[in-house]
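A short write-up of the structure that comes next.
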Amino acid sequence: MAYAPQDPVRAALWDGLVQAIGHQQWPIPEAMTLTPPPQEEQGDYATNAALLLARELRQPPMEIAQRLATALDRRSLGLASVEVAPPGFINLRLLPQTFTSALPGVLAKGEAYGQVDLGQGERINVEFVSANPTGDLHVGHARWAAVGDSLCNLLAFAGYDVTREYYINDAGRQIDLMADSLEARYRQLLGQSAEIPPDGYHGEDLRALAQELIDRQGDVLLAEDPHVRHDFFKAWGLQRKMAVIREDLEALGVHFDVWFSERSLYEGKEVEAALDQLRRRGALYEQDQAVWLRTTAYGDDKDRVVIKSDGSYTYFAPDIAYHRNKLERGYDRLIDIFGADHHGYVPRLRAAIAALGYDAQRLEVLIGQVVRLFQDGQEVKMSKRTGRLVTLRELTELVGKESARYFLTMRSINTALDFDLDLARTQSNANPVYYVQYAHARIASLLRQAEQSGETFHASQADWSLLGEGNALAVVKAVLTYPDVIAEAARARAPHRLNAYLYELAGVFHAFYNQNRILGQALPLTQARLGLSILVGQILRSGLRILGITAPEQM
RNA sequence: GCGCCCGUGGCUCAGCUGGACAGAGCGUCUGACUACGGAUCAGAAGGUCGGGGGUUCGAAUCCCUCCGGGCGCACCA
């Protein structure tokens, strides 16, 4: 933990610890932690400060721990006990009121609770999905859509100025292949014999598009000049495919701020400008009639072609221009989310940025592993070539947006995601989405009930100190952790941690609710329990919103 | 062959900028409301963290090596 905790209680303790170390004229260890110890009996928090200082000071850790323990101001920190444990941990136990007295502050923050200033307004551009408009979005894209969008929400909540961007590959060979494939479908549907090009697209979606075209204007295109016809298929197909992509993403609750056209880079001469910049910096050379970028100078395995021997650009060339464009737009940091099948592309991209003269550290690439679909215990195989694949749209329609978003973000992106279609569809305790949502619905119901019985919540009537033990205290602690979860998840670019936290929060709340009658108690107690429930509801709403999942009032 | 990711209880995973006897969920077994929603809760069994070395006061976490799985190694995108 290289930075102070965000949790109000832990933060105060952290400051006290830092002060105590300072008093001894000792340095604050970079890797100092303040976390719950493994055993509950050991206290509420433990720090490894003495262990770390021991190395630096060359003194026995137990002695250092002892001195720190005595130096801590127990009263002002709300400590109940401070113990030193071998090999040099300092275990801290807080008075229950130290926790509960933080609750009014949390309540006062309202929906803003959990916001942290990790980003300090840093401008960050997150590019994700960016699927070619040549076919439907599949489940892999769905994962990046959900993860990317949630990550953006998370970063924004953590104090970054975030832009969500989709790069449209509307130039180049693939789009021509799409046009030719669409034309082939068009001809086939009109009874002509036509072949989809060898590397073309065989998906059903293009057949449907062709049919749509015929329904609208019949076979008039057949009479057109081939070039005009090709351009039409290209432009129209692109426009239609992008519309569908937007709709599909929308259905998953994913919105982009910028839809960036690759073609605009050509039109604005930016590809040439980028290559000129590289040339001026001496990073380009010619060989075998092709133009190469010396990416090996910046850590890549081999140099890469930017202009092919036939004079056309590789995919890489406009992509260099694209990243240059993003940097020139003033973003402090760029995040690209790629599928694992593109990870080999990262070194050259990074090299290109360095070759252009920018700090390659400004580019962060998140590599995500594949999604495997399971149904009836069997893997559902996907294949783009045969056109047999489960689309993002099918997935959303099958399991619903809520389930889809939760399941797609629940795992670390480093792990292949096994998506159990049956589980995602069940409305039972096996499905974690419902577990979390149910907690929220339950709280909403509780508040409705309170309204009816005239026990409306008034913060001034609550005696928070009554929440200082058992299940209630567990909920209090979970509530206080939220800002740190946000900070940690944002820092690690790991939205799945939020899923885990919300599940845990829902869990401790369910336990609390089950064991404690909330309404109809003595006023200060009912009010305190009601207040705690409100806080949990507030956090669930906040967290679920980040994940793009609704927090239902009833289910 | 080289590179990246993964290998944690029956299953799916968390934890991995090192911290004290490894955590969840599902599944299995045993229990709990004639008061706020049982889509809930309480409890039990189950793992020498793929194998082997090393670094360290301390390793699931770092390094080396081996084994297994996924992905990638284009003048395709």
Side-chain angles (χ1 to χ4, degrees), chain A residues 1-2 30-31 33 35 37-39 42 46-48 51-52 54-55 60-61 85-89 91 132 134 169 172-175 177 199 287-292 301-302 304-316 318-319 339-347 367-370 372 374 377 410-418 420 423 426-435 437-439 441-450 452-453 455 471 491-492 494 496-497 499-500 503-504 506-507 509-520 526 529-530 533 554-555:
Chain A
M1 186 186 312
E30 250 317 283
T33 58
T35 53
Q39 300 301 302
Q42 290 163 333
T47 178
N48 62 353
L51 267 338
L52 298 172
R55 199 171 311 186
F89 290 100
N91 293 328
N132 288 346
T134 53
N169 294 114
R173 195 171 110 82
Q174 298 308 313
I175 211 71
L177 278 170
D199 298 326
Q287 187 182 308
D288 305 330
Q289 274 88 55
V291 177
W292 300 68
D301 295 347
K302 42 188 137 181
R304 307 292 174 171
V305 171
V306 288
I307 304 177
K308 302 181 217 173
S309 52
D310 68 2
S312 66
Y313 293 121
T314 59
Y315 172 85
F316 189 32
D319 209 20
D341 53 344
H342 286 78
H343 79 262
Y345 189 69
V346 178
I367 301 297
Q369 301 299 311
V370 295
R372 286 186 302 227
F374 287 82
M410 74 194 291
R411 303 294 180 218
S412 153
I413 62 166
N414 288 332
T415 311
L417 176 70
D418 286 347
D420 186 334
L423 178 63
T426 55
Q427 302 199 358
S428 77
N429 58 352
N431 191 335
V433 192
Y434 292 100
Y435 185 83
Q437 288 188 317
Y438 181 61
R442 193 173 224 184
I443 291 165
S445 168
L446 174 69
L447 296 177
R448 285 192 295 270
Q449 197 81 27
Q452 276 174 22
S453 62
E455 293 175 283
N471 286 324
R491 191 183 54 81
H496 76 277
R497 294 197 190 177
N499 294 245
Y503 190 87
E504 202 178 294
F509 177 75
H510 282 311
F512 161 73
Y513 178 90
N514 223 265
Q515 197 163 66
N516 300 283
R517 174 80 193 166
I518 294 166
L519 302 179
T526 282
R529 288 180 175 168
L530 219 39
S533 304
Q554 52 194 355
M555 300 171 68

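In what follows, chains carry the letters A, B, and so on, assigned in the order in which the sequence lines appear, proteins first and then strands, with residues in each chain numbered from 1. When reading the values below, keep in mind they use all heavy atoms of this one structure, side chains included, and skip hydrogens, waters and symmetry mates.
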Base-pair map of RNA chain B as dot-bracket, where | denotes pairing with a different strand and pairs are Watson-Crick or G-U under 3.5 Å: (((((((..((((.....[...)))).(((((.......))))).....(((((..]....))))))))))))....

Whole-angstrom distance between B/rA44 and B/rU61, as gauged at atom C1': 30 Å

Rounded interatomic separation in angstrom, taking CG from A/Asn516 and P from B/rA35: 16 Å

Options B/rG58, B/rA24, B/rC36, nucleotide nearest the side-chain atoms of A/Arg55: B/rG58

Sugar-phosphate only, base, or nothing, as touched by A/Ala441 at under 4.0 Å among non-hydrogen atoms: base

C1' spacing across the pair B/rA24 / B/rG15, given as an integer number of angstrom: 10 Å

For atom CG of A/Leu446 and atom C1' of B/rA35, their distance in whole Å: 13 Å

Length of the line joining A/Gln515:CD and B/rC41:C1', which is rounded to integer Å: 9 Å

Spacing of A/Asn514 atom CG relative to B/rG38 atom P, expressed in whole Å: 7 Å

First of A/Arg448 and A/His510 reached from the 5' end of RNA chain B, by closest nucleotide: A/Arg448

d(CZ, A/Phe89; P, B/rC57) in whole Å: 14 Å

Please tabulate the protein-to-nucleotide N/O contacts below 3.5 Å involving nucleotides 4-9 of chain B, giving atom names and distances.
from, atom 1, to, atom 2, distance (Å)
B/rC5, O2', A/Asn414, O, 2.5

Touch class at under 4.0 angstrom, heavy-atom based, for A/Pro37 against every strand present: base

Main-chain N/O of A/Thr35 paired to A/Thr33 side chain as donor or acceptor, under 3.5 Å: no

Interatomic distance, A/Tyr435 OH vs B/rG25 P [rounded to whole Å]: 8 Å

Donor-acceptor side-chain pairing of A/Asn91 and A/Gln42 below 3.5 angstrom: no

Distance between P atoms of B/rA59 and B/rC49 (Å, rounded): 12 Å

Ring geometry between A/Tyr345 and A/Phe316 (parallel below 30°, tilted from 30 to 60°, perpendicular above 60°): perpendicular

C1'-based separation of B/rC5 from B/rG50 [nearest Å]: 16 Å

Under-3.5 Å N/O pairs linking protein and nucleotides 74-77 of chain B:
from, atom 1, to, atom 2, distance (Å)
B/rC75, O2, A/Ser309, N, 2.7
B/rC75, O2, A/Ser309, OG, 3.0
B/rC75, N3, A/Ser309, OG, 3.3
B/rC75, N4, A/Asp288, O, 3.2
B/rC76, OP2, A/Lys308, NZ, 2.6
B/rC76, O2', A/Gln174, NE2, 3.2
B/rA77, OP2, A/Tyr315, N, 2.7
B/rA77, O2', A/Asn132, ND2, 2.8
B/rA77, N3, A/His342, NE2, 3.3

Which atom of A/Tyr435 lies closest to which atom of A/Gly507, heavy atoms considered: OH-CA, 3.0 Å

CA sep, side-chain torsions, deciding dist, call: A/Arg448, A/Gln554, side-chain contact (heavy atoms from CB on, under 4.5 Å): CA-CA 11 Å; A/Arg448 285 192 295 270; A/Gln554 52 194 355; 3.9 Å; yes

Check: A/Arg517 main-chain N/O paired with A/Arg529 side-chain donor or acceptor under 3.5 Å: yes

Between B/rA39 (P) and A/Gln554 (CD): distance, integer Å: 14 Å

Sugar-phosphate, base or nothing in reach of A/Ala439, heavy atoms under 4.0 Å: nothing

Touch class at under 4.0 angstrom, heavy-atom based, for A/Ser453 against every strand present: nothing

Any donor-acceptor N/O pair, A/Thr314 side chain to A/Val305 backbone, under 3.5 Å: yes

Whether A/Asn516 side chain and A/Phe512 backbone form a donor-acceptor pair below 3.5 Å: yes

Exam field: side chain A/Trp292 to backbone A/Gln287, donor-acceptor pair closer than 3.5 Å: yes

Donor-acceptor pair, side chain of A/Arg304 and main chain of A/Lys302, under 3.5 angstrom: yes

Whole-Å C1' distance, B/rG19 and B/rC76: 48 Å

Sugar-phosphate only, base, or nothing, as touched by A/Gln42 at under 4.0 Å among non-hydrogen atoms: base

Atom C1', compared across B/rC4 and B/rG23: separation rounded to whole Å: 28 Å

A/Leu530 side chain reached by A/Leu446 side chain, heavy atoms, under 4.5 Å: yes

Rounded distance (nearest 0.5 Å) linking atom CG of A/Asn132 with atom CD1 of A/Ile175: 7.0 Å

Nearest-Å distance for atom pair CG/C1', residues A/Asn91 and B/rA20: 9 Å

Integer angstrom distance from the C1' of B/rC16 to that of B/rA22: 13 Å

N-O pairing of A/Arg173 and A/Asp199 below 4.0 Å: yes

Base of B/rU17 paired with side chain of A/Arg491 (donor-acceptor, under 3.5 Å): yes

Proximal nucleotide (of B/rA42, B/rA14, B/rG19) relative to the A/His496 side chain: B/rA14

Whichever of A/Gly520 and A/Pro86 has its nearest RNA chain B nucleotide further upstream toward 5': A/Pro86

Selected nucleotide, minimal atom distance to A/Arg442 side chain, candidates B/rG38, B/rC13, B/rA20: B/rG38

Sugar-phosphate only, base, or nothing, as touched by A/Ala450 at under 4.0 Å among non-hydrogen atoms: nothing

Main-chain N/O of A/Ala290 paired with A/Asp288 side-chain donor or acceptor, under 3.5 Å: no

Sugar-phosphate, base or nothing in reach of A/Asn471, heavy atoms under 4.0 Å: nothing

Whole-angstrom distance between B/rC63 and B/rC6, as gauged at atom P: 12 Å

